[in-house]
Structures are given as C-alpha cells and as structure tokens.
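Okay, structure first, notes after.
Throughout, residue positions are numbered sequentially from 1 according to the sequence presented. As a basis for the values below, the full set of heavy atoms in this structure was taken, side chains included, without hydrogen atoms, waters or symmetry mates.
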Amino acid sequence: MSAVLLLLLGLLDAAFAGFRASNGRDGRIRRAVGNRRAALRGLAHGAPGLLAAAAVAGAVLLGSDDPAARYRELDEAGLRMLVVYGPYSALVLGSLACYLVGPFRLSTLAMIIGLGPLTLLRPPVVVAGAVAAAWQSLPAAVVALTAGVAVLLVEPVVHRRWYTEPL
C-alpha cells in the first residue's frame, strides 16, 4: 500500500514540478491552459523516473533470498517516507488549492506564504524522506535514492527544456 501512495505522491509532485517550472515565467495569476500544459510536461518527465525506481525495487525483490521479508522491509521504508512526505504534501495541496480556486488576493497570499517557501523546502524534504527510508536497510536505501533523484530532477529538466527563454 505504501508503494502505491508513494507512486501517487511522486506523480503528483511531477505535475507540480512542471507547474512550478512554468509558473514564475509570467505575472498573470490565472493561466489555466498554460498550467495544465506545464503539469503534463512534468508528468511526462517524472513518470519514467518513477518507473526506474519501481524497476529497482522489483530487481531488489527478485534478487532477494526471501522476497516476502524484503517486501516487508521495503514497505516499512515506504511508510517512513510517507511520514515525512505526508505533512509536507498536505501543506502544498492546501496552498495550491488556495492559489487555484481563491480570489486574486488569496491566490497571491498562497503564493507568497505557501507555495514559494514550500518550493524552497522541497529538496530537503525529499532528502529527509529518502534518509528515513534508507535508515535500516541498504536495499531500501538504493530504492529511496533512485526515487529521490528521479523526483528532484523533474523540475530542472522541465525548466531547461521549455522555460529558459526570456519573456
């Protein structure tokens, strides 16, 4: 179950990474079409990285002498990641909801006190989740490192690919 939740969080984060890569490029708050396109670009670049992390997890399970015990170990590592990522994700989703559906002033406030600072906290939060997962197991560390790197690469790749030209 933790793997499914982490996959969903990873895909959601990839969409948000695309959104973040594009959002600072234009002063207009309401850009629904551009925001959707940016989120899809993030998903397109994030999904292969998460697939690579899933492949590493599959290889770890297949290479184990006791796959059931290894699965429990990876599941426990995933739960430790969720303990770190859950509160952060709830704050991001709340801020994003205020930004997307609120009136202009609430959208601006959500950007200034929510989404902006949370974007800066994202890399340390991803690292903290990976460290929490890796704490007790080398195989879990390999899977967590793969997933963490995949998640952290989405935004810079999307930004460089589509949003580096001056406005």
Looking at [atom1] of [X] and [atom2] of [Y], how far apart are the two atoms once the value is rounded to the nearest 0.5 Å?
X	Y	atom1	atom2	result
H45	L50	NE2	CG	13.5 Å
D75	L6	CG	CG	9.0 Å
L138	L145	CG	CG	10.5 Å
R80	S137	CZ	OG	7.5 Å
C98	L93	SG	CG	11.0 Å

Can you tell if the side chain of [X] reaches within under 4.5 Å of the side chain of [Y], non-hydrogen atoms only?
X	Y	answer
L9	V151	no
R161	R41	no
S95	L118	yes
L62	P67	no
L40	L43	yes

To check you understand the geometry: which heavy-atom pair defines the closest contact between [X] and [Y], and what is its length?
X	Y	result
P123	L152	CA-CD2, 3.8 Å
A14	V154	O-CG1, 3.9 Å
A133	A144	CB-CB, 3.8 Å
V84	V125	CG1-O, 3.8 Å

So if you build clusters from Ile, Leu, Val, Met, Phe, Trp, Tyr with side-chain heavy-atom gaps below 4.5 Å, do [X] and [Y] land together?
X	Y	value
L11	L5	yes
L12	L82	yes
V126	V131	no
L153	V158	no
V143	L7	no

note = side-chain hydrogen bond (donor to acceptor under 3.5 Å, both in side chains) pairs touching residues 118-128, sequence neighbours excluded, are D13-R122
inquiry  = Tell me whether R70 contacts the main-chain N or O of S64 through its side chain, where contact means a donor paired with an acceptor under 3.5 Å.
reply    = no
